[in-house]
Amino acid sequence: MSSLTSGLGGGMFGGSSENPQISSVSEDKLLDAAKSSDPTTGSTFVGAVDAGCPRLIIAPHDNYITFYQAGHVGDALAVAQRGEITKTARECQIEPGRVTVKYGFSGRLLLGPKGQPGNVTLPITVAVNDSKRTKVASDSVKVDVNVGLDKPISYFSTVRTVTFPIAEGARPGEYELIVGFDSHAPSSG
């Protein structure tokens, strides 16, 4: 059984799919959603949410990251870049005793007043928690984004897959994936 829910809004993805392969979440669709003028940020589920699929949420306090000039963390006049996760999507394949979730997220990177053009690596963490908020799996993701003076807003998207066991007696819908920036990155705040 495979199901799909989307944070892309506007019905870009359907509410569910009978296709047993996990293939609807793509970097291109997420990138298009990040570039859209839709002002909503985060996960907006389209149609009914399948209780059999773990939720995918953006960590409320880690949905953005700000990089500062060295030695000036917290100084609004020393902002080099600011990244933000704006959209999410996920789909699931449920098997006895385990779930495979193909998830994706997208966002933007803004060049700040003290920023230099070039490549910026965004540190992102993903955690899978059970109903008691115990971490059952985690992943660290590095997303490279190129930003320039001629292109002060750049967009990014990433799609990954995670498989994890489901405890006996638990339902997959009781689990959640939480995506957010690593707030302990150097020169960030």
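Here Thr163 pairs with Thr100 under the side-chain hydrogen bond (donor to acceptor under 3.5 Å, both in side chains) rule; sequence neighbours left out. Partners of Asp139 by salt bridge (charged side-chain N to carboxylate O under 4.0 Å, His left out), not counting sequence neighbours, listed by chain and number: Arg160. Checked against side chain to side chain contact (heavy atoms under 4.5 Å, CB included), Ala78 has the following partners two or more places apart in sequence or in another chain: Gln69, His72, Asp75. Val120 pairs by the side chain to side chain contact (heavy atoms under 4.5 Å, CB included) definition with Phe67, Gln81, Leu109, Leu122, Val147, not counting sequence neighbours. Residues satisfying the side chain to side chain contact (heavy atoms under 4.5 Å, CB included) criterion with Ser157, sequence neighbours excluded, are Glu27, Leu30, Leu31, Ser106. Looking at residues two or more places apart in sequence or on another chain, you find a side-chain hydrogen bond (donor to acceptor under 3.5 Å, both in side chains) between Thr121 and Asp144. Residues that satisfy the side-chain hydrogen bond (donor to acceptor under 3.5 Å, both in side chains) test with Gln116, not counting sequence neighbours, are absent from this structure. With sequence neighbours excluded, the residues satisfying side chain to side chain contact (heavy atoms under 4.5 Å, CB included) with Ala59 are Asp62, Ile178.
Sorted by first then second residue, the salt bridge (Lys or Arg N to Asp or Glu O under 4.0 Å) pairs that include residues 119-138, not counting sequence neighbours, number zero.
Side chain of Ser154 to main chain of Val145: no donor-acceptor pair is present (N/O by atom type, distance under 3.5 Å, no hydrogens or angles).
Ring geometry for Phe156 against Phe181 counts as perpendicular: the plane angle is over 60°, on a 0 to 90° scale with 30° as the lower cut.
Of all heavy-atom pairs spanning Ile85 and Gly180, the tightest one is CD1-CA, 4.1 Å.
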